Amino acid sequence: MTEHSNHCCGSASRSTIGDVRHGRIEPIASEEPTAADCSSGSGIAARRDGMVLVPGGTFWMGNSGKDGFPADGEGPVREVTLSPFYIDVCTVTNERFAEFVKQTGYKTEAEKFGWSYVFESFLTPRQAPFLMGRVQGTPWWLGVKGAFWHQPEGPGSTIEDRMDHPVVHVTWNDAAAYCRWAGKRLPTEAEWEYAARGGLDRNVYPWGNELTPEGKHMCNIWQGTFPEHNTKRDGYAGTAPARSFEPNGYGLYNVSGNVWEWTADWFGATYYAEGPPVDPMGPVSGDRRSMRGGSYLCHKSYCNRYRVAARSANTPDSSSGNIGFRCAADV
């Protein structure tokens, strides 16, 4: 397991399954989506539905080190200039992903592998026969046979009452396949952070510098003592609807907390010091893709990565119950 995947709100990497105890899970080669998997369908004609136009401009990207994690490469803070782009106001929902699957017959990588990671407290006795073991270092993550996007806690679970929630258990490869069908793409890390800041200059969160201004919860993260007790004071234990809480200045929902969001970039811990200042697109290669935004499992005691400058990463074939995505598009 890599350091970056060993976060409370990240997830275990599928490529390091030797860390899953009590029932070793053997690695399976990842399959790239084929042209048939990614057929365009009707999504291309609707590429700007549910999107906002983010004006081009220059902003300060990154974090100087306060509250950050050195290994994540959140710094140095630098001026970055971006061209205009479109971005989804919210993450892709179960409802929208179901339409993609209906039109294309696409099967996610979790379905092909036969399992995915589920947070321990969401499991019930009915999942006991399907447990594959815990992840060393993050024992709250368990491999569960039959955990997919449409049965997120494994056999016996359903998304029927969560159609407006973010789709989860999707890998980077799955997200890229959806984007191609929809005539869109994943946002770069720079685009994601610029949009998440909502026009605010060097603030910690999309709404300002206080986590709960005047006691008001602004995002879906863990309250209480992680991982033993979640008070759910923000109203949610797991995912919240994709359009929960107040949007930021650009109209984007849940860019802090709820689910981690895949970006287009390969992850590079030193890229901020080396990358170009105009329309950066991340390293040309790597073994992990960058994720942004944190999730409902993030907590200040262990993983305060719900800040707009925070980063994490995972292998492109990894999935869990707290990873989703939103799309971007060129102007």
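For clarity, every value in this text was computed on a predicted model and none was experimentally measured. The chain is numbered in sequence order, starting from 1.
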J.: When you measure from the centre of the six-membered ring of F59, is the NZ or CZ of R197 closer than 6.0 Å and no more than 45° off the axis?
T.: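 Verdict for F59: no cation-pi partner in R197.
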
J.: Determine whether a donor-acceptor pair (N or O, by modelled atom type, separation under 3.5 Å) exists between the side chain of W222 and the backbone of H229.
T.: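 Side chain of W222 to backbone of H229: a pair is present.
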
J.: Please check if atom CD in E160 has more than 12 non-hydrogen atoms from other residues, nucleotides or ligands closer than 6.0 Å.
T.: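 No.
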
J.: With rounding to the nearest 0.5 Å, note down the distance linking CZ in R180 to SG in C327.
T.: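 Interatomic distance, R180 CZ to C327 SG, rounded to 0.5 Å: 11.5 Å.
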
J.: Verify, without hydrogens or angle tests, whether R288 (side chain) and N314 (backbone) share a donor-acceptor contact under 3.5 angstrom.
T.: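 Flag not set: sc R288 to bb N314 has no pair under 3.5 Å.
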
J.: So, does H217 use its side chain to make a donor-acceptor pair with the main chain of C219 at under 3.5 Å?
T.: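 Answer holds: no.
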
J.: About how many Å separate OG1 of T104 and NZ of K102, when rounded to the nearest 0.5 Å?
T.: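 The distance works out to 12.0 Å.
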
J.: Go through the side-chain N and O atoms of Y106 and D174 and say whether any donor and acceptor fall under 3.5 Å apart.
T.: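 Yes, a side-chain donor-acceptor pair sits under 3.5 Å.
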
J.: With sequence neighbours excluded, what pairs up with R185 under the salt bridge (charged side-chain N to carboxylate O under 4.0 Å, His left out) test?
T.: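 Counting only residues at least two positions away or on another chain, R185 forms a salt bridge (charged side-chain N to carboxylate O under 4.0 Å, His left out) with E191, D330.
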
J.: Does a salt bridge link K300 with D67, judged by any charged N lying under 4.0 Å from a carboxylate O?
T.: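 Here K300 does not pair with D67 in a salt bridge, since their nearest N and O are not under 4.0 Å apart.
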
J.: Any side-chain heavy atom of K107 sitting closer than 4.5 Å to one from F148?
T.: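 Sidechains of F148 and K107: no contact.
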
J.: Check whether NZ of the Lys or CZ of the Arg R289 lies under 6.0 Å from the centre of the six-membered ring of W266 and within 45 degrees of that ring's axis.
T.: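 Yes - R289 lies over the ring of W266, closer than 6.0 Å to its centre and within 45° of its axis.
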
J.: Quick one about E111 and H150 (side-chain donor to acceptor, distance below 3.5 Å, no hydrogens or angles considered), yes or no?
T.: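 Side-chain D/A pair, H150 to E111: present.
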
J.: Just one of T91, V52, D88 clears the side chain to side chain contact (heavy atoms under 4.5 Å, CB included) bar with L252, so which one?
T.: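 Testing each of T91, V52, D88 against L252, the sole residue satisfying side chain to side chain contact (heavy atoms under 4.5 Å, CB included) is V52.
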
J.: Taking atom types as modelled, find out whether T171 and E109 have a side-chain donor-acceptor pair closer than 3.5 angstrom.
T.: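 T171 vs E109: donor-acceptor pair found between side chains.
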
J.: Would you call R292 and E261 a salt bridge, using N to O less than 4.0 angstrom?
T.: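 Salt bridge flag = no for E261 with R292.
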
J.: Distance check, rounded to the nearest 0.5 Å: W140 atom CH2 versus E228 atom CD?
T.: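 So the CH2 of W140 and the CD of E228 are separated by 8.5 Å.
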
J.: How about P280 and L82: do any of their side-chain heavy atoms sit closer than 4.5 Å?
T.: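 They are in contact (side-chain heavy atoms under 4.5 Å apart), so the answer is yes.
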
J.: Does the plane of the ring in W181 sit parallel, tilted or perpendicular to the ring in F100? Use 30° and 60° as the thresholds.
T.: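 W181 and F100: tilted rings.
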
J.: Nearest 0.5 angstrom please: N209 CG to N203 CG, how far?
T.: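 N209 atom CG to N203 atom CG measures 4.0 Å (nearest 0.5 Å).
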
J.: State whether the number of non-hydrogen atoms from other residues, nucleotides or ligands found under 6.0 Å of E95 atom CD is greater than 12.
T.: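 Check fails, neighbour count at 12 or below.
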
J.: In terms of hydrophobic clusters joined by side-chain contacts under 4.5 Å, are L53 and F85 together?
T.: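 Different hydrophobic clusters.
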
J.: Could you identify which residues cluster with V168, counting Ile, Leu, Val, Met, Phe, Trp and Tyr as linked when any side-chain heavy atoms lie under 4.5 Å apart, either directly or through a chain of such contacts?
T.: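 V168 shares its hydrophobic cluster with V259.
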
J.: What closest approach, in Å, do V255 and P206 show between heavy atoms, and which atom pair accounts for it?
T.: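 Closest approach of V255 to P206, heavy atoms only: CG2-CG, 3.5 Å.
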
J.: Among residues at least two apart in sequence or on other chains, which ones pass side-chain contact (heavy atoms from CB on, under 4.5 Å) with T81?
T.: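 So T81 forms a side-chain contact (heavy atoms from CB on, under 4.5 Å) with T58, V278.
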
J.: Which atom pair, heavy atoms only, marks the closest approach of E193 to W60?
T.: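 Nearest pair, atom of E193 first, then W60: OE2-O, 4.1 Å.
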
J.: Mark yes when over 12 heavy atoms from residues, nucleotides or ligands other than R78 sit less than 6.0 Å from its CZ; otherwise mark no.
T.: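 Yes - once you tally the heavy atoms of other residues, nucleotides and ligands closer than 6.0 Å, there are more than 12.
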
J.: A side-chain contact here means heavy atoms from C-beta on lying under 4.5 Å apart; do M51 and K184 qualify?
T.: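 In short, these two side chains touch, coming nearer than 4.5 Å.
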
J.: Once you round to the nearest 0.5 Å, how far does CG of D234 lie from CG of N220?
T.: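 Result: 4.5 Å between the selected atoms.
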
J.: Taking R162 first and then E153, would you say they form a salt bridge - that is, a charged N and a carboxylate O separated by under 4.0 Å?
T.: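 Looking at E153 together with R162, the answer is yes, because their closest N to O distance falls below 4.0 Å.
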
J.: Please give the remaining members of the hydrophobic cluster of V308, linking ILVMFWY side chains under 4.5 Å, ordered by chain and number.
T.: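 None, because no other hydrophobic side chain comes under 4.5 Å of this residue.
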
J.: Cut-off 3.5 Å, side chains only: do S290 and E189 have a donor facing an acceptor?
T.: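 Note: S290 and E189 side chains meet the donor-acceptor criterion.
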
J.: Ignoring hydrogens, what is the shortest heavy-atom contact between T188 and D265? Give both atom names and the distance.
T.: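 It is CA-OD1, 3.3 Å.
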
J.: Any heavy-atom pair between the side chains of L123 and L142 that's under 4.5 Å?
T.: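 They are in contact (side-chain heavy atoms under 4.5 Å apart), so the answer is yes.
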
J.: Hey, quick one: are W149 and W172 part of the same hydrophobic cluster, counting side-chain heavy atoms closer than 4.5 Å, chains of contacts allowed?
T.: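 Yes, same cluster.
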
J.: Taking all atoms of both residues into account, what is the closest heavy-atom pair of V170 and V167, and its distance?
T.: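 Reported closest heavy-atom pair: CG1-CG2, 4.0 Å.
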
J.: Which heavy atom in G321 sits nearest to a heavy atom in W141, and how many Å separate them?
T.: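 For G321 versus W141, the nearest heavy atoms are N-CZ3, 4.1 Å.
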
J.: Just so I know, are the side chains of W115 and M132 near enough to count as touching, which here means a heavy-atom distance under 4.5 Å?
T.: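 Side chain of W115 against side chain of M132, heavy atoms only: contact under 4.5 Å found.
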
J.: Can you get from V80 to I87 by hopping between Ile, Leu, Val, Met, Phe, Trp and Tyr side chains that sit under 4.5 Å apart?
T.: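 As far as the 4.5 Å side-chain criterion goes, I87 and V80 are connected within one cluster.
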
J.: In Å, rounded to the nearest 0.5 Å, how long is the span from SG of C298 to CG of N304?
T.: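 The distance works out to 8.0 Å.
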
J.: Counting C-beta onward and ignoring hydrogens, is there a side-chain heavy-atom pair between T263 and L186 closer than 4.5 Å?
T.: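 No, too far: nothing below the 4.5 Å cut-off.
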
J.: Side-chain polar contacts of residues 237-246 - donor-acceptor pairs under 3.5 angstrom, sequence neighbours left out - could you list them?
T.:
unit_1: T239; atom_1: OG1; unit_2: H165; atom_2: ND1; d: 2.8
unit_1: S244; atom_1: OG; unit_2: P241; atom_2: O; d: 2.7
unit_1: E246; atom_1: OE2; unit_2: K216; atom_2: NZ; d: 2.2

J.: Apply the hydrophobic cluster definition, ILVMFWY joined by side-chain contacts under 4.5 Å directly or through others, and give me every member besides Y205.
T.: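 Joined to Y205, directly or through intermediates: V204, W207, L211, M218, I221, Y306.
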
J.: Is there a donor-acceptor pair closer than 3.5 Å between any side-chain N or O of E74 and the backbone N or O of N63?
T.: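 Side chain of E74 to backbone of N63: no pair is present.
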
J.: Does one hydrophobic cluster hold both Y253 and I323, with members joined at side-chain heavy-atom distances below 4.5 Å?
T.: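 Result: no, two separate clusters.
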
J.: Look at the aromatic rings of F97 and F325 and report parallel, tilted or perpendicular, splitting at 30° and 60°.
T.: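 Rings of F97 and F325: perpendicular, as their planes differ by over 60°.
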
J.: Side chains of S319 and H169: donor-acceptor distance under 3.5 Å anywhere?
T.: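 No pair is found: no donor N or O on one side chain lies under 3.5 Å from an acceptor on the other.
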
J.: For the side chain of D164 and the backbone of N94, is there at least one donor-acceptor N/O pair under 3.5 Å apart?
T.: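 No; judged by distance alone, with no hydrogens or angles, the pair does not exist.
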
J.: Assigning hydrophobic clusters by single linkage (Ile, Leu, Val, Met, Phe, Trp, Tyr; side-chain heavy-atom cutoff under 4.5 Å), is V101 placed with V92?
T.: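 Both belong to a single hydrophobic cluster.
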
J.: Considering non-hydrogen atoms only, spot the tightest contact between A147 and P152 and give its length.
T.: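 What the structure gives for the nearest pair is CB-O, 4.3 Å.
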
J.: Any side-chain heavy-atom pair from F119 and P227 closer than 4.5 angstrom?
T.: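 Sidechains of P227 and F119: in contact.
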
J.: Any chance the side chains of T124 and Q127 put a donor and an acceptor closer than 3.5 Å?
T.: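 Looking only at side-chain atoms, Q127 and T124 do form a donor-acceptor pair, the distance falling under 3.5 Å.
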
J.: Would R311 count as a cation-pi partner of Y272, with NZ or CZ less than 6.0 Å from the six-membered ring centre and within 45° of the ring normal?
T.: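 Verdict for Y272: a cation-pi partner in R311.
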
